[in-house]
Amino acid sequence: MSDDEDGGSLYVLTAVLLTPAQFPGVLGDDFPEACSLLGVRPSGAGYGLVLGQDEEGARWTVVVDDVSLVAAAIASWDCGIEYDLSPDERSIVVSLAGWPLELSVAAPGVPEPHDPEQGADGTGRVPLAPPSAEAWGPVQRRMGADQVAREWADWSERVAGDGGAAAAAHPGLARALEEAAGYARTAPPPGRVRSSFAGEGARTLRADGAGWSLVARTGGAAFVLLDEEPGEVLVVPPHGPDGLPELPDLLAALDRVAVRPV
């Protein structure tokens, strides 16, 4: 991927989508918040984030508006097919120093990955960096929920031995479920509730709010992570706190208001 403005090149390492239905949890609780972190307008069509290194090994994140091209590259890579991701220069929205995600790969034949000098991207911002693994906060809470979604089979097996009774009375859990139920009545910001295909007619749901994240599968279990409970995953009991819908009804209501991948 070349950059005509400075005559350099970007060696693409990976790419991710930034759309209302799909974006890295490290960036925010919803799509507008994720866009704000990167300094871009929350366009309904979304963006693609291309992560790579320049000829000196510096880390760069290039935001492009050609979402279809990035989606095609990701789909090809997931299938083990080579794909040369080279967005047109006209599709570049902004180039930002650093990476917001942790990468374990590097471009061959260039210096080790490192951040360019602050201000090298013209924004004056500190280079993007992945979150610390030593702390617990909103970012780590969202990442934990994403991990539960990826490892759903393992977490579902744990539910078989623990119906969630210990978590039922947790005040943070009750607060999260109450706010989640509110989303079904008043539409939250785009991306605050997301729904994706999970197979066999089920959907995986992800919802986030102030201090909490929920991951669930329609017709199945649900889990909540809280800022106030570092590293803990609370099982949502089938019968929620008084005054709130039963879990299946709550998940069905959230699925109706969730944004879905196109």
Side-chain angles (χ1 to χ4, degrees), residues 1-28 30-131 139 142-143 146 190-191 194 196 261-262:
M1 175 177 171
S2 63
D3 186 341
D4 293 337
E5 293 183 1
D6 61 14
S9 297
L10 182 75
Y11 298 92
V12 176
L13 298 177
T14 191
V16 295
L17 292 177
L18 174 62
T19 69
Q22 186 176 352
F23 55 88
V26 299
L27 299 181
D30 53 50
F31 177 66
E33 184 178 332
C35 290
S36 177
L37 182 73
L38 298 176
V40 297
R41 182 175 60 88
S43 165
Y47 304 94
L49 306 183
V50 181
L51 281 62
Q53 294 176 259
D54 64 19
E55 294 170 321
E56 297 179 352
R59 305 181 182 97
W60 290 92
T61 297
V62 180
V63 183
V64 301
D65 59 16
D66 193 341
V67 179
S68 297
L69 177 66
V70 174
I74 294 172
S76 297
W77 296 335
D78 287 345
C79 293
I81 302 172
E82 292 187 9
Y83 193 102
D84 181 16
L85 178 55
S86 298
D88 188 285
E89 297 298 325
R90 293 170 295 182
S91 72
I92 297 177
V93 177
V94 64
S95 296
L96 301 171
W99 296 335
L101 310 175
E102 188 74 47
L103 297 186
S104 58
V105 295
V110 301
E112 288 295 310
H114 63 275
D115 287 334
E117 294 183 4
Q118 183 173 345
D121 57 10
T123 68
R125 298 165 40 130
V126 174
L128 298 170
V139 174
R142 293 190 298 265
M143 291 175 62
D146 290 341
R194 308 186 295 283
S196 58
V262 177

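Nothing fancy with the numbering, it's 1 onward along the sequence.
Screening residues 113-126 for salt bridge (charged side-chain N to carboxylate O under 4.0 Å, His left out) gives Arg59-Asp115 as the qualifying pairs, with residues at least two apart or on separate chains.
Here the straight-line distance linking atom CG of Leu38 with atom OH of Tyr47 works out to 9.5 Å at 0.5 Å rounding.
In terms of modelled atom types and a separation under 3.5 Å, the side chain of Gln53 and the main chain of Val12 share no donor-acceptor contact.
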Query - Residues Ile74, Leu17; criterion side chain to side chain contact (heavy atoms under 4.5 Å, CB included); working and verdict - result: CA-CA 9 Å; Ile74 294 172; Leu17 292 177; 4.0 Å; yes
Query raised in the report: Given Leu27 and Leu49, is the side chain to side chain contact (heavy atoms under 4.5 Å, CB included) satisfied, shown in steps?
Result: CA-CA 12 Å; Leu27 299 181; Leu49 306 183; 4.1 Å; yes
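Across all their heavy atoms, Pro116 and Ala97 have their closest contact at CG-CB, 3.4 Å. Closest of all the heavy-atom pairs between Asp54 and Trp60 is OD2-NE1, 3.0 Å. Nearest heavy atom pair, residue Arg142 against residue Val26, reads NH2-O, 3.6 Å. Of all non-hydrogen atoms in Leu69 and Pro87, the two that sit nearest each other are CD2-CA, 3.6 Å. Summarising the geometry of Tyr83 relative to Ser76, their closest heavy-atom pair is CD1-OG, 3.4 Å, with the distance given to 0.1 Å. Across Gly52 and Leu10, no two heavy atoms sit closer than the pair C-CD1, 3.5 Å.
Of the options Leu101, Val70, Val50, Thr61, a side chain to side chain contact (heavy atoms under 4.5 Å, CB included) to Val16 is made by Leu101 and by none of the others.
At least one side-chain heavy atom of Val67 sits under 4.5 Å from a side-chain heavy atom of Thr19. Looking only at side-chain heavy atoms (C-beta outward), Asp88 and Asp66 stay at 4.5 Å or farther from each other.
Cation-pi geometry between Arg194 and Phe31 is not satisfied (NZ or CZ under 6.0 Å from the ring centre, within 45° of the ring normal).
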